[in-house]
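Structure first, commentary second.
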Amino acid sequence: MIAFVSGPVAALAPDTAVVEVGGIGMAVQCTPGTLATLRVGQQARLATSLVVREDSLTLYGFADDDERQTFELLQTASGVGPRLAQAMLAVHSPDALRQAFASGDEKALTAVPGIGKKGAQKLLLELKDRLGKPMGSAAPAAAAPAAAGWRDQLHAALVGLGYAPREADEAVASVAPRAEAVTAEGGTPQVGQLLRAALQRLNRAR
C-alpha cells in the first residue's frame, strides 16, 4: 500500500494532482478542498489510499490521515465505492461526518450528490458505530488560500461531482457575494468552503 506521496506538485486538474516522486509523476485523485491547498511547483505531502480494480489502479489523496481513514471506513458500507466516499468528503469534513452519523443527521448525507433519502437512511444504519465519535468542532478545516480563479475551480468541481454546467453556474453565482466579501476584507476565497456552501444551495433547490 502507498501510505503517502511527497514531492513537488507537477500539475493540477479539477479532480487530480500530479506529484513528482523520484522522477515519476503520480496522479492522485483529490477533493476540491484538498486541491485548493496545492500549488504547482511547491512541495506537497498527501496521505493516500490505493484502490485496486481488475482494470485499474487509482490513487486517492487526502490532506491528512484522518481523511484517508474516513474514506476507507466509508467504503465498508454496502454500495459505497471510492467515488461516493470522496464525494462525501468533498461536502463534509471527517468530523462533520462523524457528527452526522452520531446524531442520525439524514439531511447532511442527502446534501452529497448521489445520496437520496433511502440511501442516507441505509448508510446511517450501517456506519453509525464505525466512524467513531466526533473529536471536536464539525466545522471544516480552513483550506489554504485558493488561487484567484476560484470561480473556475468551483465550477469544475461541481461539474466533476455530476451537476450540469447550468446548475454549476447558478451555484457559483449564489456564493459569489460570500467570496467577494472575503476579497473585500483583504482575504482570499477558499474553494473548499465555497464548495460546501454551493452544494447546500443545490440541495435546497431540488
Side-chain angles (χ1 to χ4, degrees), residues 12-17 27-38 44 46-49 51 58-75 77 79-101 105-116 119-120 123 127 131 134 137-147 149-165 167-172 174-175 178-179 189-206:
L12 291 171
D15 61 355
T16 308
V28 187
Q29 299 282 318
C30 302
T31 65
T34 298
L35 289 170
T37 68
L38 306 177
L46 297 172
T48 56
S49 179
V51 176
T58 306
L59 199 59
Y60 290 84
F62 309 94
D64 54 39
D65 291 336
D66 187 24
E67 276 197 2
R68 178 184 62 193
Q69 183 178 21
T70 303
F71 172 79
E72 293 172 347
L73 285 171
L74 289 171
Q75 291 178 75
V80 178
R83 292 279 184 182
L84 183 56
Q86 189 178 53
M88 293 170 76
L89 285 166
V91 179
H92 300 293
S93 68
D95 214 46
L97 285 172
R98 285 190 285 268
Q99 181 63 45
F101 281 104
D105 189 349
E106 183 181 304
K107 187 174 181 181
L109 297 185
T110 57
V112 179
I115 299 180
L123 287 172
L127 293 172
L131 295 187
S137 171
W150 65 266
R151 290 177 182 271
D152 292 337
Q153 291 184 47
L154 181 58
H155 189 276
L158 291 167
V159 172
L161 286 172
Y163 288 100
E167 289 179 305
D169 288 338
E170 293 173 352
V172 170
S174 74
V175 300
R178 175 175 175 171
Q190 298 171 354
V191 175
Q193 293 180 358
L194 292 174
L195 176 64
R196 291 180 174 89
L199 287 169
Q200 289 172 0
R201 185 266 180 197
L202 287 165
N203 188 51
R204 288 196 300 269
R206 286 179 181 174

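Nothing here was measured: the structure is a model prediction, and the numbers come from that model.
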Smallest separation among heavy atoms of [X] and [Y], with atom names:
{"X": "Ala120", "Y": "Thr110", "answer": "CB-CG2, 3.8 Å"}
{"X": "Ala27", "Y": "Leu59", "answer": "O-CB, 3.8 Å"}
{"X": "Leu84", "Y": "Gly79", "answer": "CD2-O, 4.2 Å"}
{"X": "Pro113", "Y": "Val91", "answer": "CD-CG2, 4.1 Å"}
{"X": "His92", "Y": "Ala108", "answer": "NE2-O, 2.7 Å"}
{"X": "Val80", "Y": "Leu123", "answer": "CG2-CD2, 3.4 Å"}

At what distance, to the nearest 0.5 angstrom, does [atom1] of [X] lie from [atom2] of [Y]?
{"X": "Asp65", "Y": "Ser49", "atom1": "CG", "atom2": "OG", "value": "11.5 Å"}
{"X": "Leu127", "Y": "Phe101", "atom1": "CG", "atom2": "CZ", "value": "4.5 Å"}
{"X": "Leu74", "Y": "Gln69", "atom1": "CG", "atom2": "CD", "value": "10.5 Å"}
{"X": "Arg83", "Y": "Tyr60", "atom1": "CZ", "atom2": "OH", "value": "4.5 Å"}

Going by heavy atoms in the side chains, are [X] and [Y] under 4.5 Å from each other?
{"X": "Asp66", "Y": "Arg98", "value": "yes"}
{"X": "Cys30", "Y": "Leu46", "value": "yes"}
{"X": "Val51", "Y": "Gln29", "value": "no"}
{"X": "Gln99", "Y": "Asp105", "value": "no"}
{"X": "Thr34", "Y": "Glu67", "value": "yes"}

Please confirm whether the backbone N or O of [Y] pairs with a side-chain atom of [X], one donor and one acceptor, at under 3.5 Å?
{"X": "His155", "Y": "Val172", "answer": "no"}
{"X": "Glu167", "Y": "Ala164", "answer": "yes"}
{"X": "Thr16", "Y": "Ala13", "answer": "no"}

*Under the side chain to side chain donor-acceptor pair (under 3.5 Å) test, which residues partner Asp152, sequence neighbours left out?*
none

*Heavy atoms from other residues, nucleotides or ligands near CD of Glu106 exceed 12 (cutoff 6.0 Å)*: yes

*Tell me, with the steps shown, if Met88 and Ile115 meet side-chain contact (heavy atoms from CB on, under 4.5 Å).*
CA-CA 9 Å; Met88 293 170 76; Ile115 299 180; 4.0 Å; yes

*Determine the sole option in Val28, Leu89, Thr70, Thr31 for which the side-chain contact (heavy atoms from CB on, under 4.5 Å) test with Phe62 is passed.*
Leu89

_With salt bridge (Lys or Arg N to Asp or Glu O under 4.0 Å) as the criterion, how do Arg151 and Asp169 come out once you've worked through the C-alpha distance, each side chain's angles and the decisive distance to 0.1 Å?_
CA-CA 9 Å; Arg151 290 177 182 271; Asp169 288 338; over 6 Å; no

